[in-house]
Structures are given as C-alpha cells and as structure tokens.
Q: 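The structure that follows is given in the form of structure tokens.
Each chain gets a letter, A, B and so on, in the order the sequences are listed, and its residues count up from 1. As the structure is a prediction and not an experimental result, all values here were calculated from the model. FYI, side chains are in, hydrogens and waters are out, and symmetry mates aren't considered; it's all heavy atoms of this structure.
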Number of protein chains: 2
Amino acid sequence: MSKTETIAPAQEAWMLLLDLVGSHRATIVATAAEHDLSPMQAFALRRLEPGRPLPMNELADVLGCDASNVTGIVDRLEVRGLVERRADERDRRVRNLAVTAEGAAVREDLLRRMHTPPAEIAALSPTDQRRLRDVLRHALER
Amino acid sequence: MSKTETIAPAQEAWMLLLDLVGSHRATIVATAAEHDLSPMQAFALRRLEPGRPLPMNELADVLGCDASNVTGIVDRLEVRGLVERRADERDRRVRNLAVTAEGAAVREDLLRRMHTPPAEIAALSPTDQRRLRDVLRHALER
DNA sequence: TATTGTTATACTCTATAACTATA
DNA sequence: TATAGTTATAGAGTATAACAATA
C-alpha cells in the first residue's frame with residue numbers, strides 16, 4: 001500500500017507489446033518448422049527480398065547477431081537451394097545473398113503465414129486496427 | 001503494375017509490430033547479458049514473480065518451449081542462486097519454482113531495463129503513446 | 001493409463017578469437 | 001591498418017524419445 005506504482009503509457013505500451021509478440025513466439029517457430037526452417041533461417045529468408053541481394057554483413061546487422069553466425073545460417077539455406085552467394089562487382093571481399101526462385105516461393109508462403117495477424121489483433125474493431133497501424137507507422141517512419 | 005497489393009490494417013499492424021520488437025532483439029539480449037543471463041534465462045526470470053511460485057510445467061508453457069528444456073534453464077538459474085525448486089504440497093510430481101531474494105533483486109533491475117520503451121515509442125506524442133497503450137490493452141484484455 | 005520432470009541425443013544458435021583475402 | 005567473411009571452439013537452446021515417480 002506504500003507505493004502508488006503508476007506506469008507511464010509508453011512503458012506500459014512497450015510491456016504489452018513485448019507480451020503480445022512473446023506469446024506468439026511458439027507459433028512463429030512452428031510456422032518456420034512447417035518449411036523445415038529454423039527460426040533464424042526463417043528470419044534471414046524474411047529479410048532477403050527477391051531482386052535485392054544483401055551482403056552477409058548487412059544481414060548480420062538486421063538479424064542482430066555476429067557475422068560469424070551468418071556463415072552457418074546461410075550455409076544451411078544454400079544447401080537447400082533457397083539462397084545463393086554471389087560475388088560483388090566492386091569489392092571482392094563481399095558476398096551478396098540472393099534468394100533463388102525456390103527460395104522466393106518458400107519465402108512467399110512463409111511470410112503469408114507469419115504476417116497473418118493473431119486473434120488478439122484480428123478481433124479488434126476496425127477502428128482500433130487502423131489506430132494501431134497508424135500509431136505504429138508514426139513510430140517507425142523516422 | 002498488375003497487382004494492387006492492398007494490405008489490410010490488421011496485417012500491416014502485425015508486420016510493423018514484428019519489425020519493431022525484432023529490431024530490438026539485440027538490445028534485449030544485451031540487457032540480459034549485463035546480468036550474465038542468457039535470453040531464455042532472462043525470460044524465465046521475468047515470468048517468475050516473487051511470491052508466486054510456478055510449476056516447471058507452466059513455465060514451459062509461457063516460454064513456449066518443451067518441458068525438457070526448462071530443466072536445463074532452471075538448473076543454471078538455480079546454480080546461481082536466483083531460483084529454487086520447491087516440493088508441491090498436493091502433487092509430489094510437481095516442482096514449484098520460486099525466485100530467491102537475490103533473484104528478485106536481479107529480476108527487478110532486469111525488468112526496469114527491459115521495460116524501458118525504445119526511442120521509437122518514447123518519441124511518440126503523448127496522445128499516440130496513450131492510443132497505443134489503450135489499443136494494446138483492448139487486444140490483450142480478453 | 002496419464003502426467004511431471006529428468007536424461008540422452010543430435011542439431012542449431014551464440015559470441016569470441018584467430019585466420020584469409022581483400023581494401 | 002581496417003574490413004568481409006570463414007573457421008574453430010565452447011556453451012546454450014531446441015525437439016524428440018525414453019525413462020522414473022507419481023497420480
């Protein structure tokens with residue numbers, strides 16, 4: 001009874017946001033597993049847009065892990081024929097990652113499932129859904 | 001030019017939400033590392049509220065992983081004296097997990113850092129912050 | 001028979017450090 | 001000297017299957 005414990009809206013929003021995404025971790029992992037992809041393999045494939053090759057370097061950045069990990073993750077994607085390493089024209093140290101045709105097909109189905117909103121969001125009123133989208137657009141537009 | 005490609009608000013909101021949390025994965029992992037905790041150890045500690053012991057069973061559920069993993073995760077937390085296994089009074093198969101005094105202290109600092117909203121949310125207008133919080137409350141109140 | 005938790009196994013992810021080939 | 005990528009290593013997470021104790 002001694003503490004009032006008022007939580008600022010921004011902090012509460014962030015906590016709720018972590019809870020919401022965290023509670024769907026298992027679903028996302030299962031979605032990747034349907035394509036025999038580990039979570040990191042799926043996240044890597046998500047970041048490799050067809051027609052926009054990415055240096056391994058930058059993939060490590062967006063995945064938030066060390067560059068040495070990307071070697072193994074890409075190895076496994078490449079063995080399955082979903083991704084290929086291409087030489088860079090300017091800098092011979094760089095390896096650009098490109099999705100293959102098969103990789104693009106897998107990626108499309110993967111993203112379709114991963115991006116399907118969960119019940120908590122789907123059940124919101126159309127107004128709340130638009131509100132949520134608009135606020136997140138503001139937050140991320142920079 | 002052949003596809004109109006209209007994205008429903010709910011789907012776009014979920015995509016942006018995944019992006020926002022995903023882009024802070026490294027920060028969250030680093031926060032855990034400051035206490036020498038692996039990501040899963042930190043998430044487990046987050047779920048163990050002081051004074052509310054939790055069966056290992058249920059911890060596996062909220063962490064979204066197999067029960068066999070929880071054995072190892074809790075082993076490492078217990079070795080460090082942050083958590084302890086307690087016998088259940090009713091069902092002798094069950095082990096209830098309780099944070100120790102030291103575990104509660106670590107947990108408090110960990111959550112204070114983890115729940116600090118990132119720049120994207122902190123920079124929103126107070127109105128948008130309240131909007132985001134309110135919509136997420138609706139989504140999660142069930 | 002079903003459930004809780006453990007163990008054994010094999011695979012993936014992880015950071016660190018040392019290496020190569022480039023720049 | 002610095003950077004891109006690889007390799008080696010050790011520790012942690014992961015699901016599966018088999019098991020013991022209990023229900």
Q: How far apart are the closest heavy atoms of B/Pro39 and B/Val29, and which atoms are they?
A: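 Shortest heavy-atom contact: CG-CG2, 3.9 Å.
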Q: Not counting sequence neighbours, which residues clear side chain to side chain donor-acceptor pair (under 3.5 Å) with B/Glu58? List them please.
A: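 Testing B/Glu58 for side chain to side chain donor-acceptor pair (under 3.5 Å), a comparison that skips the adjacent residues, returns none.
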Q: Only counting residues at least two apart or in another chain, list the ones meeting side chain to side chain donor-acceptor pair (under 3.5 Å) with B/Arg92.
A: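 Listed in chain order: nothing, the list is empty.
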Q: Taking A/Arg137 first and then B/Glu12, would you say they form a salt bridge - that is, a charged N and a carboxylate O separated by under 4.0 Å?
A: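 B/Glu12 and A/Arg137: salt-bridged.
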Q: What pairs of residues pass the side-chain hydrogen bond (donor to acceptor under 3.5 Å, both in side chains) test when at least one of them lies in residues 26-37 of chain A, not counting sequence neighbours?
A: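 Only A/Glu34-A/Arg113, A/His35-A/Asp109 qualify under side-chain hydrogen bond (donor to acceptor under 3.5 Å, both in side chains).
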Q: Near DNA chain D, counting only heavy atoms under 4.0 Å, which residues of residues 48-65 of chain B show up?
A: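 DNA chain D contact set from residues 48-65 of chain B: B/Cys65.
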Q: Short of 4.0 Å, heavy atom to strand atom, which residues of residues 69-78 of chain B count as contacting DNA chain D?
A: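 Those residues whose heavy atoms fall under 4.0 Å from DNA chain D, taken from residues 69-78 of chain B in numerical order, are B/Asn69, B/Ile73, B/Arg76.
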Q: Round to a whole Å and report the spacing from CG of B/Asp66 to C1' of D/dA15.
A: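 Whole-Å distance recorded here is 6 Å.
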Q: Checking A/Arg107 side chain against A/Leu48 main chain: does a donor-acceptor pair fall under 3.5 Å?
A: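 Here the side-chain-to-backbone pair exists.
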Q: For a 4.0 angstrom threshold against heavy atoms of chain B, report the outermost contacting nucleotides of DNA chain C in 5' to 3' order.
A: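 So the outermost contacting nucleotides come out as C/dA2 to C/dT14.
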Q: Using 4.0 Å as the upper bound for N to carboxylate O, is an ion pair formed by B/Asp19 and A/Arg47?
A: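 Salt bridge: yes.
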Q: According to side chain to side chain donor-acceptor pair (under 3.5 Å), who are the partners of B/Arg131, at least two apart in sequence or on a separate chain?
A: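 B/Asp128.
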Q: Run the salt-bridge test on B/Arg86 and B/Glu84 with the 4.0 Å N-O cut-off and return the result as yes or no.
A: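 A salt bridge is present here (some side-chain N lies under 4.0 Å from a carboxylate O).
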Q: What residues, two or more places apart in sequence or in another chain, satisfy side chain to side chain donor-acceptor pair (under 3.5 Å) together with B/Thr71?
A: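 By the side chain to side chain donor-acceptor pair (under 3.5 Å) rule, B/Thr71 matches no residue at all.
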Q: What pair of heavy atoms forms the shortest contact from B/Val99 to B/Pro50, and how long is it?
A: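 Residues B/Val99 and B/Pro50, closest heavy atoms: CG2-CA, 3.5 Å.
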Q: What's the shortest heavy-atom distance between B/Gln129 and B/Ile121, and which atoms?
A: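 Minimum heavy-atom separation between B/Gln129 and B/Ile121: NE2-O, 3.1 Å.
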Q: With side-chain hydrogen bond (donor to acceptor under 3.5 Å, both in side chains) as the rule and sequence neighbours excluded, what pairs involving residues 116-127 of chain B come up?
A: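 The answer is B/His24-B/Glu120.
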Q: Who pairs with A/Leu18 by side chain to side chain contact (heavy atoms under 4.5 Å, CB included), at least two apart in sequence or on another chain?
A: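 Side chain to side chain contact (heavy atoms under 4.5 Å, CB included) list for A/Leu18, sorted by chain: A/Trp14, B/Val21, B/Ile28, B/Arg46, B/His115.
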Q: Pull out every residue in residues 22-47 of chain A that has a heavy atom closer than 4.0 Å to any atom of DNA chain C, ordered by number, or say none.
A: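 Of all residues in residues 22-47 of chain A, the ones placing a heavy atom under 4.0 Å from DNA chain C are A/Ser38, A/Met40, A/Gln41.
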Q: More than 12 heavy atoms of other residues, nucleotides or ligands under 6.0 Å from CZ of B/Arg85: yes or no?
A: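 Yes.
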Q: Under 4.0 Å from any atom of DNA chain D, heavy atoms only: list the residues of residues 80-92 of chain B that qualify, in numerical order.
A: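 Output list: B/Arg90, B/Asp91, B/Arg92.
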